[in-house]
Amino acid sequence: MLLPRKSTPIDVQRKQLPIYQAKPQLLNQLRQLNNAILIGETGSGKTTQIPQYLYEVGIGRQGIIAITQPRRVAAISLASRVAEEKRTQLGKLVGYTVRFEDLTSYETKIKFMTDGMLLREAIGDPLLLRYTVVILDEAHERTVHTDVLFGVVKTAQRRRKELNKIPLKVIVMSATMDVDLFSEYFNKSPVLYLEGRQHPIQIYYTKQPQSDYLQAALVTIFQIHQEALPSQDILVFMTGQEEIEALARTCRDIAKHLPDSCGSMVVIPLYASLPPVQQLRVFQPAPKGSRKVILSTNIAETSVTISGIKYVVDTGMVKAKRFSPESGRAGREDSGSCYRLYTENEFDNLMPMTVPEIQRCNLASVMLQLMALGIPDVMNFDFMSKPSPEAVCSAVEHLELLGAVEKKDGQVVLTALGKKMASFPLEPRYAKTILLSPEYSCSEEVISIVSLLSVDTVLYNPPARRDEVLAARKKFTSSEGDHMTLLSIYRAFKKVSGNKDWCRENFVNSRNMSLVKEVQAQLKEICLKLNLKLVSCGADTGSVRRCLAHGMFVNAAELQPDGTYLALDTHQPVAIHPSSVLFQAKPAYVVFNELLHTSRCYMRDLCLVDADWLLDAAPENFGRKLHISKS
DNA sequence: GAGCACTGC
């Protein structure tokens, strides 16, 4: 995502981009090719220019040119930029579509969208007939959505040819890497290389591997601080909140004791859970003569663009314990330097090992989506990087257990229930629970609960104010579990119309609560389309728990005589997470949302249920397994 | 009695 300085006129800026020189040959090639892989670093201008070039010379004029992005902010800001370059109002010729927001019209010919959004659209139109060109950008990130889209566009392309429809041009754009893999997958399609970034970055590696990367970061920061001009800011990539706050304290301490000749330093932490007001501090210029040092998680890699950064210090560490080579944050607006706190050898060796997400994640949603797309043999779907057969099988088994698919003549087919489940942007078991809810006359409540579970967390827990938090939360705590507790918080939130002061007093994250409202509206809309009754059970919370037991029976646990819990499907020992309202209680049976494998195997978000309910939900599954005892 | 990188529909 490149946003050039705004001082020069826009058409002059466009012509200064490295890609401009290559325009004639590029268009020549793209006109003839059905598939192309385009390699170019951030800064080449490929994402903003290629769609315009294609449009300007009339390639793909019969339909829409789609450009997918892994992130919402990128889709939105790129669309704004291109609309500005085309001197049109955003939403006319140039528009964007992301979840909760669709700024397109019948005039829209250049459409930026999240990859997940195009995938959703494909369920209604697997041939993607509205589109003549699909550009899959940031393909090197290998998000699940992009990976599934590879297969979807490839199939659509082939089918359209067979059916004599307008051809679909597919352009895969990547920063680097996996070129052979991309090319091979798309029938050995040609790889076109674009010249790099506008402003050079000098990259420095350490000579020796660093055992203490925090110490190395500290040394590097102060080395730069003593040598560089005070107006040149530093951005340091680190792994997490705790580490960032600790290093911030150390930096401030050391800076205090430096000689006056050194100039002062403003240290600013940046991570996602920081309140928005404090996040905005990174954009404020430091006082004259001071240097800004931003200590950030990888939130600054992609989601936030900070100007004035001249130096990047990359510790190379992320929580997933892999190298993160995305340190292209300097040099966006001017030349810059990047200090990598690892050796060039380490970089070369460890980089390609980044495993695509599709090989690491739970495939239940993906498989359900593929079936909804009408892919005939999902077990053998043409993935660019195939997930293990075990992962595919266990996903299909899970869907079978939920009644979303069934096996017929050795083939896995989608059931009517499964088809409905696929229309929700949710994990299959949540979709199933919503679909069951009218039977229990509690669809309103279940939709609210599922919406609450769809966002990060609506609870704000500052450790320093623990006692206050506990006191405030007591009012809402339900002995029936976390789902019902969340529901009562949500009901109270609605009663005060989302009042900000109420949120602050009750330690409720109002930003995430607003998101809950949006998710809830979307889920209701889908329910209406499926003719699902929206009904409330009022005070009869038992109905809600019955429904949750039915929908979530796969995640059930049973209290043992010794006071511990066993998960009913795997028989593995599990424990109630200390954050649960049921932590002190010992209910005989619970269903839970997820397992957290940390120091122990913790169940998170629990709901108290009756054994009978689980038995009713899946008699053949539980059979004689339960030690029927009432909670 | 825990442990909190980041996306997305």
Side-chain angles (χ1 to χ4, degrees), chain A residues 1 68-76 97-102 113-124 138 141-149 237-245 269-274 295-304 315-324 326 354 356-358 360-362 364-366 368-369 372-373 421-428 430-431 450-451 454-457 459-463 466 469-470 509 515 518-519 522-523 525-526 575-585 596-604:
Chain A
M1 179 170 44
T68 69
Q69 292 294 319
R71 277 167 296 278
R72 294 165 53 94
V73 273
I76 296 170
T97 305
V98 297
R99 190 183 185 184
F100 307 131
E101 250 182 291
D102 179 15
M113 61 206 299
T114 43
D115 46 14
M117 210 62 219
L118 185 60
L119 210 51
R120 276 271 134 212
E121 281 191 11
I123 292 178
E138 310 284 4
E141 290 196 23
R142 303 295 305 273
T143 68
V144 180
H145 290 153
T146 307
D147 265 32
V148 177
L149 274 177
F237 281 113
M238 304 177 56
T239 64
Q241 172 179 353
E242 209 173 337
E243 208 174 82
I244 287 171
E245 292 293 355
L270 175 65
Y271 42 86
S273 62
L274 214 57
L295 309 181
S296 171
T297 62
N298 46 14
I299 187 175
E301 237 173 46
T302 42
S303 304
V304 185
T315 60
M317 309 294 280
V318 293
K319 283 277 179 183
K321 283 191 177 153
R322 59 174 173 83
F323 270 72
S324 75
E326 314 252 349
T354 311
E357 200 185 354
I358 194 88
R360 290 181 279 124
C361 73
N362 184 320
S365 305
V366 171
L368 185 65
Q369 231 162 358
L373 279 160
M421 283 165 65
S423 45
F424 290 94
L426 293 170
E427 277 183 50
Y430 292 146
V450 168
S451 306
S454 292
V455 306
D456 234 10
T457 172
L459 308 176
Y460 177 51
N461 292 317
R466 225 185 70 122
V469 173
L470 284 175
N509 182 325
L515 213 56
E518 290 198 89
V519 177
Q522 188 187 26
L523 297 182
E525 205 177 295
I526 296 166
I576 299 180
H577 195 273
S579 69
S580 172
V581 295
L582 294 180
F583 181 62
Q584 311 276 10
L596 195 68
H597 299 266
T598 51
S599 54
R600 298 167 72 180
C601 195
Y602 285 108
M603 302 179 276
R604 254 215 306 223

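Below, chains carry the letters A, B, ... as their sequence lines are ordered, and counting in each starts from 1. Here the structure is a predicted model, which is why all the values come from computation and not from measurement.
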* Asked: A:Thr146 side chain to A:Arg142 main-chain N or O, any donor-acceptor pair under 3.5 Å?
  -> no

* Structure fact -> Checking B:dG1, B:dG8, B:dC9 against the side chain of A:Pro578 (C-beta onward), the nearest is B:dG1

* To do: Run the salt-bridge test on A:Glu138 and A:Arg71 with the 4.0 Å N-O cut-off and return the result as yes or no.
  => no

* To do: Quickly work out the A:Leu596 CG to B:dG1 P distance and round it to whole Å.
  => 18 Å

* When we call it a touch if two heavy atoms are under 4.0 Å apart, what does A:Tyr602 touch: a base, just sugar-phosphate, or nothing? -> sugar-phosphate

* Structure fact -> Winner on side-chain proximity to A:Thr297, out of B:dA2, B:dC9, B:dA5, is B:dA5

* Structure fact -> Atom NE2 of A:His145 and atom C1' of B:dT7 are separated, to the nearest Å, by 10 Å

* **Verdict with reasoning, A:Ser579 to A:His577, per side chain to side chain donor-acceptor pair (under 3.5 Å)** => CA-CA 5 Å; A:Ser579 69; A:His577 195 273; 2.8 Å; yes

* Which part of the nucleic acid, if any, lies within contact of A:Thr114, taking any heavy atom under 4.0 Å across all strands shown: a base, the sugar-phosphate backbone alone, or nothing? -> sugar-phosphate

* Length of the line joining A:Arg466:CZ and B:dA2:P, which is rounded to integer Å -> 12 Å

* Name the orientation of the base relative to the sugar in B:dC4: syn if the glycosidic angle is within 90° of 0, else anti. => syn

* Asked: Yes or no on side chain to side chain contact (heavy atoms under 4.5 Å, CB included) for A:Thr457 and A:Asn509, after CA distance, side-chain angles and deciding distance?
  -> CA-CA 8 Å; A:Thr457 172; A:Asn509 182 325; 5.8 Å; no

* Length of the CD-C1' vector between A:Glu101 and B:dC9, whole Å -> 14 Å

* Separation of A:Glu243 atom CD from B:dC4 atom P, in whole Å? -> 12 Å

* To do: When you get a sec, tell me which of B:dC6, B:dC9, B:dG1 is the closest nucleotide to the side chain of A:Tyr271?
  => B:dC6

* Gap between atoms CD1 and C1', on A:Ile526 and B:dC9 respectively (whole Å) -> 9 Å

* Whole angstrom is fine here: how far is it from NE2 in A:His597 over to P in B:dA2? => 16 Å

* **Whole-Å gap separating P (B:dG8) and CD (A:Glu427)** => 17 Å

* Base, sugar-phosphate, or nothing: which does A:Ser599 touch, judged by heavy atoms less than 4.0 Å apart? -> sugar-phosphate

* What is the nucleic acid contact for A:Arg600, judged by heavy atoms within less than 4.0 Å: base, sugar-phosphate only, or nothing? -> nothing

* Heavy-atom check, side chain of A:Met117 versus side chain of A:Val98, under 4.5 Å -> no

